Novice: 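This is the structure I have questions about; it appears just below.
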2 protein chains.
Amino acid sequence: MSNNQFKRGELYSFITGKASTAIARRLQKKINARGINLTIEQWSVLYHLWKKEGLSQQELCNATFRDKPSITRLVDNLERLNLVKRVASDNDRRINLIYLTKQGQKLEEQTMMMAEETLNEALKGVPVEQIDVCKQVLQVVYDNLKS
Amino acid sequence: MSNNQFKRGELYSFITGKASTAIARRLQKKINARGINLTIEQWSVLYHLWKKEGLSQQELCNATFRDKPSITRLVDNLERLNLVKRVASDNDRRINLIYLTKQGQKLEEQTMMMAEETLNEALKGVPVEQIDVCKQVLQVVYDNLKS
DNA sequence: GACATATAGTTGTTTATACAACTATTCAAA
DNA sequence: TTTGAATAGTTGTATAAACAACTATATGTC
């Protein structure tokens, strides 16, 4: 039996990602409830900068799976919120390196706690082994399609 | 060991749904390549109408996990493309029932083939058992959060 | 029947996304 | 060294999303 066997009714949620939409929305609500002015999309950019500062916009494109115009505008908005700064690279004047402001750094602790809390709520009752399988599958899907 | 154990590096893709984004984008490209003027979001609305015509906008909200303004505008655009028609309900004049036009019906065969093809590409090399686990987990996540 | 409340849908506003077209800089080859 | 291609980023345009505020209709209770 091949893995090409899909019942039609099961197609949909794979394509439209209802589950991850629900997770993202839940985290957004937590962020709003704390009075923090930040979208999930902006959060996802900050997330990568918290891991490693000074990424170029192109590196942020790759990391967040967004195209260049999307990152341009997200960085625009993050700059307007005073959370990041564009710094022109010395080596290559085409490149903007993105650095966190103090305010941007401060958001890490607060929001990462909310993100973990959100995932715990989302995955309540799911055995660790199943979560692992799920992560693997999503990774394979991503690898199959990113080319 | 509880399932609350997450390494930070694994948080991200669960929240932002990179895999489903990739699937949706792949299907969108197939649709465009065929010269069909239709977004994935519009497709996801049509998908439910192909299963059952005459749904109300509210029912489409529930089915597609979108809010009412989003459905209003998607139906606006689908009507503009001559793919669906709003028909006022006889019983309750608040309700619009959404029906497919002939053109809207015609899209089913073409695009469902592309959707299945896309899923097959996405899940290439993934054993059926793992796909099942994945579907279960995503369903639990969705149920955990939809309340 | 009248009034409060719930439900269905629309409109306004801001943010985000895809795609195409553009500028500026770098690199590589003639 | 000049020219052409590649790379980094921006801007224009259309579609979509969330949230709040709104209109219209229905329902239920007094």
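What you see is a predicted model; the values in this text were computed from it and never measured.
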Novice: Consider only side-chain N and O atoms of B/Gln103 and B/Asn82, and report whether a donor and an acceptor are under 3.5 Å apart.
Specialist: no
Novice: I want to confirm an ordering. Mapping B/Asp67 and A/Arg86 to their closest nucleotides on DNA chain D, which one lands closer to the 5' end?
Specialist: A/Arg86
Novice: Mind checking what makes side-chain contact (heavy atoms from CB on, under 4.5 Å) contact with B/Asp92, not counting sequence neighbours?
Specialist: B/Ser89, B/Arg94, B/Ile95
Novice: Of the residues in residues 87-104 of chain A, which ones touch DNA chain D at a heavy-atom distance under 4.0 Å?
Specialist: A/Arg94, A/Ile95, A/Asn96
Novice: Under 4.0 Å between a Lys/Arg side-chain N and an Asp/Glu carboxylate O for B/Asp76 and B/Arg86?
Specialist: yes
Novice: Whether A/Ser56 contacts D/dA8 is assessed here as follows: a side-chain N or O lying under 4.0 Å from the phosphate OP1 or OP2. Is that the case?
Specialist: no
Novice: Which is the 5'-most and which the 3'-most nucleotide of DNA chain C that has an atom under 4.0 Å from a heavy atom of chain A?
Specialist: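 The contacted stretch runs from C/dT15 to C/dT26.
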Novice: Closest-nucleotide mapping onto DNA chain D: is A/Gln58 or B/Pro69 further toward the 5' terminus? I mean the 5' end.
Specialist: A/Gln58
Novice: Taking the side chain from B/Gln28 and the backbone from B/Leu38, do they hold a donor-acceptor pair closer than 3.5 Å?
Specialist: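 Present.
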Novice: Can A/Glu121 and A/Lys30 be counted as an ion pair, charged N to O under 4.0 angstrom?
Specialist: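 Yes.
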Novice: Remember a base hit wins even if backbone is also touched, and classify A/Ile71 as base, sugar-phosphate or nothing at under 4.0 Å, heavy atoms.
Specialist: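 The residue A/Ile71 makes no contact with any strand.
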Novice: Grab the CG-P distance between B/Asp76 and D/dT15 for me, whole Å please.
Specialist: 11 Å
